[in-house]
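So that the names make sense, note that chain A is the first sequence line, chain B the second, and so on, each numbered from 1.
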Number of protein chains: 2
Amino acid sequence: MVQKSKKPPSAAKIAAPVAPKRRGRPRAYEPDVALGKALDLFRRDGFAATSLDDLSAATGMNRPSLYGAFGDKRELYIKSYQRYRDDARAAMADIFRSDAPLRERLERIYRIALDIYLSGESGPRGCFTVMTAASEAVSDPDIRNMVVEGLTELDKAFGICFRHAKERGELPEGADPASLAHLASATIHTIAIRARARVPRRELEAIVKGALDVMCAAK
Amino acid sequence: MVQKSKKPPSAAKIAAPVAPKRRGRPRAYEPDVALGKALDLFRRDGFAATSLDDLSAATGMNRPSLYGAFGDKRELYIKSYQRYRDDARAAMADIFRSDAPLRERLERIYRIALDIYLSGESGPRGCFTVMTAASEAVSDPDIRNMVVEGLTELDKAFGICFRHAKERGELPEGADPASLAHLASATIHTIAIRARARVPRRELEAIVKGALDVMCAAK
DNA sequence: GGAATTTAGTGCGAAATGGTACAAAAAAGT
DNA sequence: ACTTTTTTGTACCATTTCGCACTAAATTCC
């Protein structure tokens, strides 16, 4: 009975390309793709170095429209970050939920991570959580909380992975899932950083392989 | 005649607090402390969000003096980064060179790292190499090269550590020093990032302990 | 004491920045 | 046809930003 009549958030993708007949002048942009463009810019240059003019040019929206649709620059940044998190979570959710052996699951997670971090026409983008931690997180409490959330979410996902693996006997008795999860996150962070320094994919994959050898206790 | 009469670069620290009787009006600032202040600002806010006015206020130098002493903003940033690297290297060099057991050496390294990352009156500062990778490194080749240098320098130092430990029998036969070194660097990176998200020192120390348990193969 | 030299400090200027007011435009409702 | 609603697009404003002339000050050399 408590049906939310605003707008169907998840059904929008498939079920609502039918125009809902809004009242006034129609938008000249698609909010989703515009937010994607903004995200890409923020990921490349960071908050401070990205101007509203840049954002306006990239999204095709003029500044007043930008402001009306997403709020001021900071709000747009926050929405971009949420979008980033949603995308990343969606890309990894299936793998984290799967029942494949530990090593295979981790390999697939890191493959996706590298895809994300190395994408971008004008150079690799790295991890937006790491970028935000490195910039706005110290001074902006709200943004900082989102970053902490992003970090712990990954820790937890890895933690479940390792705990599950241990239960299935894939890890030695003494293995501590929490510590291994932090190491797995640390490996994510180090490849994200190195990706932005334009370290080639091959090297990053080698780092991942070495980390997996240790974490999965391959002898 | 080929005598370089400019200024003695390395002897300056100890041997030359005696005024060398420079020619014109004396400086109203000490370049070293000014650079330190600039570094602190850059570490807090990053390149783009730090204005010349901020730098001028923090160093006590007016803009033309700043410009004359260090060049433009980018050059000042580069010099600040070099200073950061020099300081960090100096703080860790003894430990890396020491003959203490692996675990003890690593513990001391991470203690110093946390001291560096958590210092700063207005909040933790994190690692400047990580911050720079997360911002300027993609677009500025010179800065990127310095970042890569910083990353590999740490990898190598850790690598020597682990190789040495393996030779002394502190590590199992199958251990791969290079992989362990990357994991050690990754742990540095992850605590640097979390520090900026204001994760308390206790938690960071716990992460380090867990990582050491794995890396040192404590059973 | 005066010339030479080096730095400090004021202040300017051109460009960029974040944000908004306001009118024109494009659609639906009546 | 007219009103209402929503968005667009131009134009503008106040502020900030970077960089640099240019003058005043402080010191050494002769």
S.K.: Take a 6.0 Å sphere around NZ of Lys37(B) and say whether it holds more than 12 heavy atoms from other residues, nucleotides or ligands.
M.R.: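 No.
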S.K.: So, Thr190(B) side chain and Thr187(B) main chain: donor-acceptor pair closer than 3.5 Å or not?
M.R.: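 Here the side-chain-to-backbone pair does not exist.
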S.K.: Nearest-Å distance, CZ (Arg27(B)) to P (dG9(C))?
M.R.: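 Rounding to the nearest Å, CZ of Arg27(B) and P of dG9(C) are 14 Å apart.
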S.K.: Judged by each residue's nearest nucleotide on DNA chain C, which is more toward the 5′ side, Arg25(A) or Lys73(A)?
M.R.: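 Looking at the nearest nucleotide for each, Lys73(A) comes out on the 5' side.
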S.K.: Between atom CG in Asp53(A) and atom C1' in dT16(D), what is the gap in whole Å?
M.R.: 14 Å
S.K.: Round to the nearest Å and state the distance from Leu66(B) atom CG to dT7(C) atom P.
M.R.: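 The distance from CG of Leu66(B) to P of dT7(C) comes to 14 Å, rounded to the nearest Å.
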S.K.: Quickly work out the Leu55(B) CG to dT17(D) P distance and round it to whole Å.
M.R.: 11 Å
S.K.: Between Glu136(B) and Arg74(B) (salt bridge meaning N to carboxylate O under 4.0 Å), is one present in this structure?
M.R.: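 No, no charged N to carboxylate O under 4.0 Å.
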S.K.: Rounded to whole angstroms, how far apart are CG on Asn62(B) and C1' on dC22(D)?
M.R.: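 It works out to 13 Å between those atoms.
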S.K.: Just to confirm, is there a sub-4.0 Å distance from OP1 or OP2 of dT20(C) to any side-chain nitrogen or oxygen of Tyr67(A)?
M.R.: yes
S.K.: Rounded to whole Å, how long is the line connecting atom CE of Met61(A) with atom C1' of dT7(D)?
M.R.: 10 Å
S.K.: To the nearest Å, how far apart are Arg23(A) CZ and dC2(D) C1'?
M.R.: 12 Å
S.K.: In terms of ring plane angle, is the pair Phe158(A) and Phe162(A) parallel, tilted or perpendicular, where the classes change at 30° and 60°?
M.R.: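 The rings of Phe158(A) and Phe162(A) sit tilted, inter-plane angle from 30° to 60°.
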S.K.: Does OP1 or OP2 of dT7(C) have a side-chain N or O of Ser65(B) closer than 4.0 Å?
M.R.: no
S.K.: Which class fits the ring pair Tyr77(A) and Phe42(A): parallel under 30°, tilted 30 to 60°, perpendicular over 60°?
M.R.: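 Judged by the thresholds at 30° and 60°, the geometry between Tyr77(A) and Phe42(A) is perpendicular.
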S.K.: Under 4.0 angstrom, heavy atoms only, what part of the nucleic acid is Ser56(B) near: base, sugar-phosphate, or nothing?
M.R.: nothing
S.K.: Go through the N and O atoms of the side chain of Arg63(A) and the base of dG9(D), and report whether any donor-acceptor pair is under 3.5 Å.
M.R.: no
S.K.: For Leu52(B) and Gly24(B), take the nucleotide of DNA chain D holding the closest heavy atom to each; which residue's nucleotide lies nearer the 5' end?
M.R.: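 Its nucleotide being nearer the 5' end, the pick is Leu52(B).
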S.K.: May I ask you to evaluate whether Ser51(A) reaches the phosphate of dA16(C), defined as a side-chain N or O under 4.0 Å from OP1 or OP2?
M.R.: no
S.K.: Would you kindly compare Gly60(A) and Arg74(B) by the position of their nearest DNA chain D nucleotide and give the one closer to the 5′ end?
M.R.: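 Its nucleotide being nearer the 5' end, the pick is Gly60(A).
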S.K.: Would you kindly give the OH-to-P distance between Tyr29(B) and dT6(C), to the nearest whole Å?
M.R.: 13 Å
